Structures are given as structure tokens and as C-alpha cells.
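First the structure, in the form of C-alpha cells, and then the observations on it.
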Amino acid sequence: MGRPSLHGERKKSYSVTATREAWDGLKEMAAASGLSLSEFLERLGRTKKLP
């Protein structure tokens with residue numbers, strides 16, 4: 001079953017290539033926002049604004 005969808009559709013896995021510094025920066029930004037990296041990127045992509 002898994003978790004219920006927060007956005008009305010199932011998430012799909014994608015591959016992203018980034019430097020270690022950029023990836024660590026994204027993880028830090030997500031943590032500072034109180035979000036998982038996945039949810040941070042989801043919100044960024046949907047709203048085009050940093051959460």
C-alpha cells in the first residue's frame with residue numbers, strides 16, 4: 001500500500017547528476033526547511049519557489 005499521495009499522483013523516481021557540494025547543499029536546504037530532500041524538490045518543482 002505505501003504512503004498516501006500528498007499531491008494527487010504517485011511519485012516517480014528520476015536520476016539527477018550533481019557535484020557532491022551541490023547535493024550536500026540541497027540536503028542542507030531541505031533539512032533547514034523541515035522537509036525530506038524528495039519533498040523539498042517536489043515543492044520547488046511545483047511552486048518554482050524555494051520552500
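What you see is a predicted model, and the numbers here were worked out from it, not measured in a lab. Heavy-atom basis, side chains included; hydrogens, waters and symmetry copies ignored.
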So, for P51 and S33, which heavy atoms are closest and what is the spacing to 0.1 Å?
-> O-OG, 3.4 Å
Hey, could you give me each pair passing side chain to side chain donor-acceptor pair (under 3.5 Å) that has a residue in residues 13-32? Not counting sequence neighbours.
-> none
Side-chain donor-acceptor contacts of residues 34-41 below 3.5 Å, not counting sequence neighbours, with atom names and distances?
from, atom 1, to, atom 2, distance (Å)
S36, OG, E39, N, 3.0
S38, OG, K11, NZ, 3.1
E39, OE1, H7, NE2, 3.4
E39, OE1, K11, NZ, 3.3
E39, OE2, H7, NE2, 3.0
E39, OE2, R43, NE, 3.2

